[in-house]
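Data block below; observations after.
In listed order, ligands and their atoms are each counted from 1. Just so you know, these numbers use all the heavy atoms, side chains as well, and skip hydrogens, waters and symmetry mates.
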Amino acid sequence: STGLITLDDGYANTGSCSSAITFIDGENGILRYRGVPIEDLAVNSSFIETAELLIFGELPDEEERAEFRSLLTENSALHQDMGKHFDGFPTNAHPMSILSAMISALQSHDLPEHQFTDANGFREAAASLIAKTRTIAAASYKSHVGQPIIYPRYDLNYAENFLHMMFSVPYRDYEATPEEAHALNMFLVLHADHEQNCSTSTVRMVASSGANLYASVSAGVNALWGPLHGGANMQVIEMLERIRQGAMTTRDYVARVKDRKSGAKLMGFGHRVYRNFDPRARILKDAADRLLDAMHVTDPLLDIARELEQVALADDYFVSRRLYPNVDFYSGIILRAIGIPVDMFTVMFAIGRTPGWIAHWKEVTDNPRQRIYRPRQVYTGPELSPWVPRDER
Ligand code: SDX
């Protein structure tokens, strides 16, 4: 045994903790943020309302919403010295490497009052990090395409401002359509938190040592980067593209996945917790349909994704292993339709997940009984071994 799990010690010995932020029922496909069903939030909530719900524990009233929104806009600009970090990255640097490095660097550049010594300081720090994550992502894109950084406008909401910061140029503002902005807002709401997933557990692990918010969230960005976690949304598009380019049919690809020697996975399928369906995947599938209809465009990758889902869900290999589409299977179709480059898909996941990471950092930091996470192990190495002098080895 690796020691008893006691909910209050938060991984003190091994992987289990108590949390009041997000509830998941994997058997019945239920996901709630602070008790509010994800289906209601996806349709009705702005991303910032959802962020406040996760971080402060309840949906904001009009005054709180307006105040937090202005905090976001006021704190969107990066310190001038942060620009020097951008210059140091090669233009082909992966956006996730830029994001994790820049969030860590923020600790040195962000305003001292954001060192969250009190509730107001934390409120500003949370707004500052959510705002600057968006600015860093858009700025890394602008740096990549050789265009000047565009700062947010007061009259736009978070999703509209992101598209403005990505696609406006000094001589012409990009006006996102209501459908694009709504789809991106929904994407961000659906990614805002997800209980003790790999990257959030990483944030909690780092926070348990007493590390600051920026260091903890930067670690979460790196955990999210992996292809089995947040990196899957990029892999799904690459998988669908391979099928579209005629390399193989959907049936061929499913057969390849079932042949374990290939090592191929059906990316965007499967989940440790959801054993029937991921409610986010259902919402994103419908949203992709609606967005493409509203834009009067079709995307062959969406047709392939639907066919792949049908073929897989008629195949006992997947059904017997309870493998269903997860949040990453359809999300990339929406990002593609909006014009987000594929190499930024995982960054989009990180922008969405930032409020959840902040909420979990706060929950760990505020817990007076929180102990440092120190998982135990089952030792499988050699028994006692004598020292062998070098000339006898
Ligand atoms: C996210 O935890 C979270 O909440 C994460 C997340 C969040 O919001 O934070 O929901 C976001 O990370 C979603 C997952 C994105 N990743 C992918 O889509 C990558 C493809 N999926 C798999 O790698 C896998 O399903 C995981 C990583 C998602 C879950 O891994 P598990 O729980 O360790 O599952 P497993 O490897 O134990 O699989 C059980 C069986 C195995 O077969 P057997 O050895 O029993 O014969 O199912 C097979 C696996 O080989 N399997 C798959 C598969 N996923 C599992 N086979 C083919 N394709 C897949 N996608």
- Message: Please enumerate all residues that pass ring pair (Phe, Tyr, Trp, His ring centres under 6.0 Å) together with H182, with sequence neighbours excluded.
- Response: none

- Is the centre of the Y324 ring less than 6.0 Å from the centre of the F329 ring? no

- CD of E67 to CG of L72, rounded to nearest 0.5 Å, is 10.0 Å

- Note on the structure: Pocket residues around ligand 1 (non-hydrogen, under 4.0 Å) come out as H194, N197, L228, H229, A232, V257, R260, K265, L266, M267, G268, F269, G270, H271, R272, R280, Y317, R321, L323, N326, D328, F349, R353

- Message: Are D328 and F349 packed together at the side-chain level, in the sense that at least one heavy-atom pair is separated by less than 4.5 angstrom?
- Response: yes

- H194 side, atom NE2; N197 side, atom CG - distance, nearest 0.5 Å: 7.5 Å

- Task: Flag the pair H85 / F89 as yes when their ring centroid distance falls below 6.0 Å, and as no otherwise.
- Result: no

